[in-house]
Peer 1: 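Have a look at this one before I ask anything.
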Amino acid sequence: MSTMETENSNVARAEELKVLANEAFKANRFGQAIDLYTQAIELNDRNAVYWANRALAHTKLEEYGSAIQDASKAIEIDPKYSKASTFMPSSHSPSSFCVVQYLCSLFLAMCFSLQGYYRRGAAYLAMGKFKDALKDFQQVKKISPNDPDATKKLKECEKAVMKLKFEEAIAVPESERRSIADSIDFHTIGDGPSSSSVPTRAAIAPAAVAVLAATMILVVKETASVGVAVLMVVLLVLVVLGACWWGGCKGYGVFTMRQMLGLDVEPQYSGARIEGDTVTLDFVKNMLDDFKSQKCLHKRYAYQIVLQTRELLRALPSLVDINVPEGKHFTVCGDVHGQFYDLVNIFELNGLPSEENPYLFNGDFVDRGSFSVEVILTLFAFKCMCPSAIYLSRGNHESKSMNKIYGFEGEVRSKLSETFVELFAEVFCCLPLAHVINQKVFVVHGGLFSVDGVKLSDIRAIDRFCEPPEEGLMCELLWSDPQPFPGRGPSKRGVGLSFGKDVTEKFLRENNLDLVVRSHEVKDEGYEIEHDGKLITVFSAPNYCDQMGNKGAFIRFEAPDLKPNIVTFSAVPHPDVKPMAYANNFLRMFQ
């Protein structure tokens, strides 16, 4: 077979593979689609559409680093300079058809370039890199100036960047930032209008402002003097500023506690109630019943749960040791991602958390699913009820940057208040980064490290009380993924890294451990065993985002041998609230 015939055969086979990949993509089998696009690229790596389509499939699996690489390759490829057999007409074609085919190739060049910028911009957006996304969507608009969809997305991206710049401009330096949790005392929030949570001096301040305002109106009315009016306005401003200082509100305003929190429990409130300081099992069960019926928990009790959980988490080390007595069991769950009704199903299958039935939820409690508030309050309530009944580990989605994009921040504003947005952000910074069960099983949300020799003592020493950095041990614990080949490689997510079996084995050997359990990745069966059985991924959000069709799973360990018993389960129905219902408006445009 001649070289030309071989090339033509490869091109034809690549097109067949692309069709199969497209079918897999439409069926939400994104991993299979990536494999098929990869085979097509191996046969014809100068077809930009294969790269652009594979970029989109990577995006669906949240592999944004790989998506950016593929989209960049699609942009790099200029179809009009590709091999004649691919885009340019052959020498045997009629001249009129030759011109048409050539014009089509130019059109395809524009389309493929457009797809590349579009896919890459969407991936940058998903990573929260709004400024990089803006550059790509400006290019999309330049290539296709009359496309209304491109215009709409560019405007939304411009708004996101402007908002980011505004937030950066008004941000308070970390050294000057005051904990919002320290400004809230749920004990002072009463059960009726007779009790007040506003300090006396802060309550006097608005009264003084009101008296001065009334006096100003009377004086101005009597004198009709502009000068007097101006003087009174200045005095009013000075009184307000003085009251802010006197009230000790530090930027949250004079009318802070009751007016900002608004937390008297109204007599007509019929939901779950906490009596005193103790969160009981009866309360948690009542709260779960309310959540199942889409009823809200009163903010007064939400504050109590979140603040008490904060105190419990702050006292823990960054690496928590868990002891499971002989003859007892312990359950590890993966990502839940705001899928409250599937969380309830886990408890129905495996029992409620208790001292005799303890759980570890391994991060990514929130975002994506639209019942994240219900999920986080449920997990926190069990933690308050019995700290040894449930352990919580931080995931990459327990962070401001992710919550701003993927829905939790918007959901908290809708169901609770702006104050809770900041409060949850503070509490997430208190979550431990990893756990070790009986000195044998290492449990972490993401994975292992870019360097050898990391000891458990190094993890314990991490100062975790911050937003996740973009590099270093803490970042890698939250973001890294295993890979099927040895060594280390770039992260398919664009953050962290990929690590092979040899990295896993060396980490376990140097720390006298037997197994790594991690989450962070959706798996068709809810779990995957890798690295010769030394690493297990567990994912507990079935039919992720209502489209992946995957099962969920959890792992039960029985002491003393700690042999993993993996239980899988399917998704259960939930109310008609779509995933990402509260997400960043711009991101929803790409769903």
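Along the sequence shown, residues carry numbers from 1.
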Peer 1: Going by side-chain contact (heavy atoms from CB on, under 4.5 Å), name the residues that satisfy it together with Val577, two or more places apart in sequence or in a different chain.
Peer 2: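 Partners of Val577 by the side-chain contact (heavy atoms from CB on, under 4.5 Å) criterion, ordered by chain and then number, come out as Gln294, Ser370, Phe371, Ala581.
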Peer 1: Assign the ring pair Phe330 / Tyr391 to parallel, tilted or perpendicular, where the plane angle (0 to 90°) is split at 30° and 60°.
Peer 2: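 Plane angle between 30° and 60°, so tilted.
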Peer 1: If only atom types and distance count, is the side chain of His337 paired as donor or acceptor with the main-chain N or O of Val366 below 3.5 Å?
Peer 2: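 Confirmed, His337 side chain pairs with Val366 backbone.
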Peer 1: Rounded to the nearest 0.5 Å, how far apart are CG of Asp524 and CZ of Phe539?
Peer 2: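 The CG atom of Asp524 sits 11.0 Å away from the CZ atom of Phe539.
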Peer 1: Report the C-alpha separation of Asp182 and Arg310 in whole Å, then their side-chain angles, then the decisive distance to 0.1 Å, and conclude whether the salt bridge (Lys or Arg N to Asp or Glu O under 4.0 Å) test is met.
Peer 2: CA-CA 11 Å; Asp182 291 340; Arg310 174 177 176 263; 3.5 Å; yes
Peer 1: For Gln32, what residues pass the side-chain contact (heavy atoms from CB on, under 4.5 Å) criterion, not counting sequence neighbours?
Peer 2: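 For Gln32 the side-chain contact (heavy atoms from CB on, under 4.5 Å) partners, ignoring immediate neighbours, are Ala24, Arg29, Leu36.
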Peer 1: Classify the ring geometry between His298 and Tyr301 as parallel (under 30°), tilted (30 to 60°) or perpendicular (over 60°).
Peer 2: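 Aromatic pair His298/Tyr301 classed perpendicular.
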Peer 1: Can you name the salt bridge (charged side-chain N to carboxylate O under 4.0 Å, His left out) partners of Lys131, sequence neighbours left out?
Peer 2: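 In terms of salt bridge (charged side-chain N to carboxylate O under 4.0 Å, His left out), with neighbours along the sequence ignored, Lys131 is linked to Glu168.
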Peer 1: Does Ile536 reach the side chain of Glu528, with side-chain heavy atoms less than 4.5 Å apart?
Peer 2: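 When only atoms from C-beta onward are counted, Glu528 and Ile536 do not touch, as no gap falls below 4.5 Å.
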Peer 1: Sequence neighbours left out, what passes side-chain contact (heavy atoms from CB on, under 4.5 Å) with Asp532? Give chain and number order.
Peer 2: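 Partners of Asp532 by the side-chain contact (heavy atoms from CB on, under 4.5 Å) criterion, ordered by chain and then number, come out as Lys501, Glu505.
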Peer 1: Could you tell me which residues satisfy salt bridge (charged side-chain N to carboxylate O under 4.0 Å, His left out) with Lys159, sequence neighbours excluded, listed by chain and number?
Peer 2: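 Applying salt bridge (charged side-chain N to carboxylate O under 4.0 Å, His left out) to Lys159 gives Glu156.
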Peer 1: Which residue, Ile459, Ile462, Asp458, forms the side chain to side chain contact (heavy atoms under 4.5 Å, CB included) with Leu319?
Peer 2: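 So the option named by the test is Ile459.
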Peer 1: Indicate yes or no for a side-chain donor-acceptor contact from Tyr527 to the backbone of Ile555 under 3.5 Å, with no hydrogens or angles considered.
Peer 2: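 The answer is no, because no donor-acceptor pair under 3.5 Å joins these two groups.
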Peer 1: Taking side-chain contact (heavy atoms from CB on, under 4.5 Å) as the test, write out the residues that go with Pro542, two or more places apart.
Peer 2: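 By the side-chain contact (heavy atoms from CB on, under 4.5 Å) rule, Pro542 matches Gln339, Asp342, Phe569, Ala571.
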Peer 1: Can you list the steps and then say if Asn396 with His520 is a side chain to side chain donor-acceptor pair (under 3.5 Å)?
Peer 2: CA-CA 8 Å; Asn396 61 299; His520 196 39; 3.2 Å; yes
Peer 1: Using distance alone, with no hydrogens and no angle criterion, decide if Tyr544 and Glu62 have a side-chain donor and acceptor under 3.5 Å apart.
Peer 2: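 Yes, because at least one side-chain N or O of Tyr544 sits under 3.5 Å from a partner of the opposite role on Glu62.
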Peer 1: Does any N or O in the side chain of Ser414 come within less than 3.5 Å of the main-chain N or O of Gly410, such that one atom is a donor and the other an acceptor?
Peer 2: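 Side chain of Ser414 to backbone of Gly410: no pair is present.
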Peer 1: Please enumerate all residues that pass salt bridge (charged side-chain N to carboxylate O under 4.0 Å, His left out) together with Glu418, with sequence neighbours excluded.
Peer 2: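 Glu418 satisfies salt bridge (charged side-chain N to carboxylate O under 4.0 Å, His left out) with Arg413 once adjacent residues are dropped.
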Peer 1: Salt bridge (Lys or Arg N to Asp or Glu O under 4.0 Å) between Glu426 and Arg314: does it pass, once the steps are laid out?
Peer 2: CA-CA 10 Å; Glu426 283 188 19; Arg314 286 176 72 190; over 6 Å; no
Peer 1: Got a donor-acceptor contact below 3.5 angstrom from the Arg120 side chain to the Ala67 backbone?
Peer 2: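 Side chain of Arg120 to backbone of Ala67, a donor-acceptor pair under 3.5 Å: no, none is there.
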Peer 1: For Val454, does its backbone N or O pair with a side-chain atom of Asn511 as donor and acceptor, under 3.5 Å?
Peer 2: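 Answer holds: yes.
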Peer 1: List in chain and number order the residues that pass salt bridge (charged side-chain N to carboxylate O under 4.0 Å, His left out) with Lys129, two or more places apart in sequence or in another chain; answer none if no residue qualifies.
Peer 2: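 Salt bridge (charged side-chain N to carboxylate O under 4.0 Å, His left out) list for Lys129, sorted by chain: empty.
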Peer 1: Could you tell me whether the side chains of Asn550 and Asn543 share a donor-acceptor contact shorter than 3.5 Å?
Peer 2: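 Side chains of Asn550 and Asn543: no pair found under 3.5 Å.
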Peer 1: Please work out which of the three classes, parallel, tilted or perpendicular, describes the rings of Phe499 and His531, given edges at 30° and 60°.
Peer 2: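 Answer is perpendicular, since the angle exceeds 60°.
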Peer 1: Test: side chain to side chain donor-acceptor pair (under 3.5 Å). Region: residues 372-390. Which pairs qualify, not counting sequence neighbours?
Peer 2: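 Counting only pairs at least two positions apart or across chains, the side chain to side chain donor-acceptor pair (under 3.5 Å) contacts touching residues 372-390 are Glu374-Lys415.
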Peer 1: Under a 4.0 Å N-O cut-off, is there an ion pair linking Lys153 with Glu158?
Peer 2: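 No, this pair does not count.
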Peer 1: Please examine the side chains of Asn345 and Tyr341, heavy atoms only from C-beta on, and report whether any two atoms are closer than 4.5 Å.
Peer 2: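 Of all side-chain heavy-atom pairs linking Asn345 with Tyr341, none is under 4.5 Å.
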Peer 1: Please verify the inter-ring angle class for Phe347 with Tyr359; under 30° counts as parallel, over 60° as perpendicular, anything in between as tilted.
Peer 2: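 Rings of Phe347 and Tyr359: perpendicular, as their planes differ by over 60°.
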Peer 1: Does a donor on one side chain sit under 3.5 Å from an acceptor on the other, for Arg119 and Thr59?
Peer 2: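 No, no side-chain donor-acceptor contact under 3.5 Å.
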Peer 1: Quick one: are the ring centres of Phe380 and Phe365 less than 6.0 Å apart?
Peer 2: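 Centroid distance Phe380-Phe365: not below 6.0 Å, so no.
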Peer 1: Ignoring hydrogens and geometry, is there a side-chain-to-backbone donor-acceptor pair from Arg556 to Pro564 under 3.5 Å?
Peer 2: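 A pair under 3.5 Å: no.
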Peer 1: Under the 3.5 angstrom rule, does the side chain of Asp502 hit a backbone N or O of Gly487 as a donor-acceptor pair?
Peer 2: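 Side chain of Asp502 to backbone of Gly487, a donor-acceptor pair under 3.5 Å: yes, one is there.
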Peer 1: Could you tell me whether a side-chain N or O of Glu411 sits under 3.5 Å from a main-chain N or O of Val373, the two making a donor and an acceptor?
Peer 2: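 Yes, Glu411 side chain to Val373 backbone: donor-acceptor pair under 3.5 Å.
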Peer 1: Nearest 0.5 Å, what's the CG-CG distance between Leu456 and Leu513?
Peer 2: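 One finds 5.5 Å between CG of Leu456 and CG of Leu513.
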Peer 1: Rounded at 0.5 Å granularity, tell me how far OH in Tyr37 sits from CG in Asp70.
Peer 2: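 Going from the OH atom of Tyr37 to the CG atom of Asp70 covers 11.5 Å.
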Peer 1: Evaluate the criterion side-chain contact (heavy atoms from CB on, under 4.5 Å) for residue pair Asn403 and Val412; output intermediate values, then yes/no.
Peer 2: CA-CA 10 Å; Asn403 297 161; Val412 171; over 6 Å; no
Peer 1: Let me confirm one number: the SG-CG distance from Cys384 to Asp277, rounded to the nearest 0.5 Å.
Peer 2: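 The distance works out to 10.5 Å.
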Peer 1: Does one side chain, of Arg460 or Ser318, offer a donor that lies under 3.5 Å from an acceptor on the other?
Peer 2: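 No, because no side-chain N or O of Arg460 sits under 3.5 Å from a partner of the opposite role on Ser318.
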Peer 1: Kindly check if the number of other-residue, nucleotide or ligand heavy atoms within 6.0 Å of CD (Glu470) is above 12?
Peer 2: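 Not more than 12 within 6.0 Å, no.
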Peer 1: Side chain to side chain donor-acceptor pair (under 3.5 Å): which pairs involve residues 472-491, sequence neighbours left out?
Peer 2: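 For residues 472-491: Ser450-Glu476, Asp452-Arg488, Asp481-Arg493, Asp481-Arg518.
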Peer 1: Pairing donors with acceptors under 3.5 angstrom, does anything connect the side chains of Asp321 and His435?
Peer 2: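 No.
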Peer 1: Would you compute the distance between atom CG of Leu515 and atom CZ of Phe557 and round it to the nearest 0.5 angstrom?
Peer 2: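 With rounding to 0.5 Å, CG (Leu515) is 5.5 Å from CZ (Phe557).
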Peer 1: Can you confirm whether more than 12 heavy atoms, excluding those of Glu510, are under 6.0 Å from its CD atom?
Peer 2: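 Enclosed.
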Peer 1: Taking the six-membered ring for Trp, are His397 and Tyr406 closer than 6.0 Å centroid to centroid?
Peer 2: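 Centroid separation for His397 and Tyr406: below 6.0 Å.
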Peer 1: Just checking, any donor-acceptor pair under 3.5 angstrom between side chains of Asp364 and His445?
Peer 2: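 Yes, His445 and Asp364 have a side-chain donor paired with an acceptor closer than 3.5 Å.
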Peer 1: Using 4.0 Å as the upper bound for N to carboxylate O, is an ion pair formed by Glu467 and Lys400?
Peer 2: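 So Lys400 does not pair with Glu467 through a salt bridge.
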Peer 1: So, do Phe408 and Phe424 have ring centers that fall under 6.0 Å from each other?
Peer 2: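 Ring centres of Phe424 and Phe408 closer than 6.0 Å.
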Peer 1: Is there a side-chain contact (heavy atoms from CB on, under 4.5 Å) between Val441 and Val516 once you walk through the steps?
Peer 2: CA-CA 6 Å; Val441 180; Val516 173; over 6 Å; no
Peer 1: Supply the atom-to-atom distance Leu535 CG to Leu448 CG, rounded to the nearest 0.5 angstrom.
Peer 2: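 Spacing of CG (Leu535) from CG (Leu448) equals 7.0 Å.
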Peer 1: Show me the pairs that pass salt bridge (charged side-chain N to carboxylate O under 4.0 Å, His left out) and involve residues 539-553, at least two apart or across chains.
Peer 2: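 Pairs touching residues 539-553 that pass the test: Glu525-Lys551.
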Peer 1: Taking only residues at least two apart or on different chains, which pairs with a member in residues 388-397 satisfy salt bridge (charged side-chain N to carboxylate O under 4.0 Å, His left out)?
Peer 2: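 Passing the test, one end in residues 388-397: no pairs.
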